[in-house]
Amino acid sequence: MSPPTSVGGEVEKLLFLRGLDAHTLNLSALPAERRRHLVQISRRLTPQALERREANRRHPILLTLLALSAVDVLDSVVQLFDQALSSSESRARIKLRDELAERAKLSEDRLALLDEILPVLGPVRTFRAHEDRPDRT
């Protein structure tokens with residue numbers, strides 16, 4: 001499982017990107033190939049090289065990277081949450097199994113004690129449904 005600091009870091013990234021409204025960017029008007037190309041460019045360029053580009057070339061790259069980052073970070077947060085939930089469920093399942101095993105052992109111990117006590121008490125009386133008095137067996 002991921003440490004809580006990585007979960008917190010991913011949530012902070014998500015909040016930052018949401019503060020920039022990155023999750024509301026709709027790049028569906030751009031063809032998928034163009035979006036892939038812009039993302040590749042954004043990953044290759046240093047911040048200084050990106051800053052030197054003309055605004056009409058720089059802005060589409062930044063917007064595409066921002067939108068992609070919002071999706072990627074959200075996916076990461078969901079995956080981390082799923083891992084944490086699975087881990088908690090697994091720990092709970094193990095704890096339940098151990099509790100049930102302990103309960104079964106206690107029941108076995110009680111039955112063993114009862115097996116020791118009953119012969120000392122003598123014959124057991126049972127009632128039959130059609131009789132009013134107990135029958136000695």
Side-chain angles (χ1 to χ4, degrees):
M1 189 177 111
S2 298
T5 53
S6 67
V7 174
E10 289 299 307
V11 170
E12 284 180 25
K13 288 181 199 176
L14 183 62
L15 291 174
F16 175 76
L17 290 168
R18 292 217 165 183
L20 296 173
D21 287 335
H23 62 289
T24 62
L25 294 175
N26 183 3
L27 301 179
S28 62
L30 286 176
E33 186 58 37
R34 176 72 175 148
R35 287 191 302 252
R36 276 192 292 276
H37 177 69
L38 290 172
V39 168
Q40 286 175 349
I41 291 172
S42 71
R43 289 184 177 152
R44 274 195 329 254
L45 294 177
T46 64
Q48 294 81 12
L50 190 59
E51 188 176 17
R52 287 192 296 264
R53 287 207 165 210
E54 297 172 18
N56 63 343
R57 294 193 177 269
R58 178 180 54 228
H59 292 160
I61 294 170
L62 288 173
L63 287 174
T64 304
L65 179 63
L66 191 62
L68 177 70
S69 295
V71 171
D72 289 346
V73 171
L74 179 61
D75 287 346
S76 178
V77 168
V78 169
Q79 181 181 14
L80 290 171
F81 176 75
D82 185 51
Q83 288 173 352
L85 192 60
S86 294
S87 177
S88 290
E89 181 185 16
S90 178
R91 284 192 309 272
R93 190 177 300 117
I94 290 169
K95 186 177 179 181
L96 176 63
R97 184 195 65 210
D98 293 346
E99 290 288 329
L100 290 174
E102 182 65 27
R103 189 179 297 172
K105 179 159 178 14
L106 288 174
S107 293
E108 287 175 5
D109 292 345
R110 284 189 200 125
L111 286 174
L113 182 62
L114 190 59
D115 285 343
E116 290 178 26
I117 293 174
L118 283 179
V120 174
L121 294 176
V124 179
R125 293 181 172 202
T126 59
F127 288 93
R128 293 189 181 153
H130 63 278
E131 296 180 6
D132 290 336
R133 57 191 176 103
D135 183 33
R136 284 206 96 27
T137 56

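FYI, side chains are in, hydrogens and waters are out, and symmetry mates aren't considered; it's all heavy atoms of this structure.
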Nearest heavy-atom pair of Ser87 and Arg91: which atoms, and what distance?
-> OG-NH1, 2.7 Å
Name all pairs fulfilling the salt bridge (Lys or Arg N to Asp or Glu O under 4.0 Å) condition that reach into residues 28-44, sequence neighbours left out, sorted by first residue then second.
-> Glu33-Arg36
Got a sec, which pairs hit salt bridge (Lys or Arg N to Asp or Glu O under 4.0 Å) with one end in residues 66-86, sequence neighbours left out?
-> none
Search all heavy atoms of Ala55 against all heavy atoms of Pro60 and return the closest pair with its distance.
-> O-CD, 4.1 Å
Contacts of Asp109 that satisfy salt bridge (Lys or Arg N to Asp or Glu O under 4.0 Å) - sequence neighbours left out | Lys105
Which residues share a side-chain contact (heavy atoms from CB on, under 4.5 Å) with Gln48, sequence neighbours left out | Thr46, Arg52
Enter the distance from His37:NE2 to Ser42:OG here, rounded to the nearest 0.5 Å.
-> 10.5 Å
What residues, two or more places apart in sequence or in another chain, satisfy side chain to side chain donor-acceptor pair (under 3.5 Å) together with Ser28?
-> Asn26
Do Leu20 and Leu62 sit in the same hydrophobic cluster, where Ile, Leu, Val, Met, Phe, Trp and Tyr count as joined when their side-chain heavy atoms come under 4.5 Å apart?
-> no
d(Ile41 CD1, Leu65 CG) to nearest 0.5 Å is 11.5 Å
side-chain contact (heavy atoms from CB on, under 4.5 Å) involving Leu114 - partner list, sequence neighbours excluded | Leu118
For the atom pair CG (Leu38) and CG (Leu27), what is the distance rounded to the nearest 0.5 Å?
-> 9.0 Å
Over all heavy atoms of both residues, which pair between Arg58 and Arg53 is shortest? Give the atoms and the distance, please.
-> NH1-O, 3.0 Å
Does Val39 sit in a hydrophobic cluster with other residues, and if so which ones, taking ILVMFWY side chains as linked at heavy-atom separations under 4.5 Å, directly or through other members?
-> Leu68
Does Leu63 have any side-chain contact (heavy atoms from CB on, under 4.5 Å) partners at least two apart in sequence or in another chain, and if so, which?
-> Leu25
Applying salt bridge (Lys or Arg N to Asp or Glu O under 4.0 Å) to Glu99 and not counting sequence neighbours gives none
By salt bridge (Lys or Arg N to Asp or Glu O under 4.0 Å), which residues pair with Arg93, not counting sequence neighbours?
-> Glu89
Short question: side chain of Ser90, backbone of Ser86 - any donor-acceptor pair under 3.5 Å?
-> no
Kindly give the cluster partners of Leu100, where membership spreads through any ILVMFWY side chain lying under 4.5 Å from a current member.
-> Leu96
In Å, rounded to the nearest 0.5 Å, how long is the span from CD1 of Ile61 to CG of Leu66?
-> 13.5 Å
Would you please name every residue forming a side-chain contact (heavy atoms from CB on, under 4.5 Å) with Leu14, sequence neighbours left out?
-> Arg18, Val73, Leu74, Val77
Under 3.5 Å, is there a donor-acceptor pair between the Ser107 and Arg103 side chains?
-> no
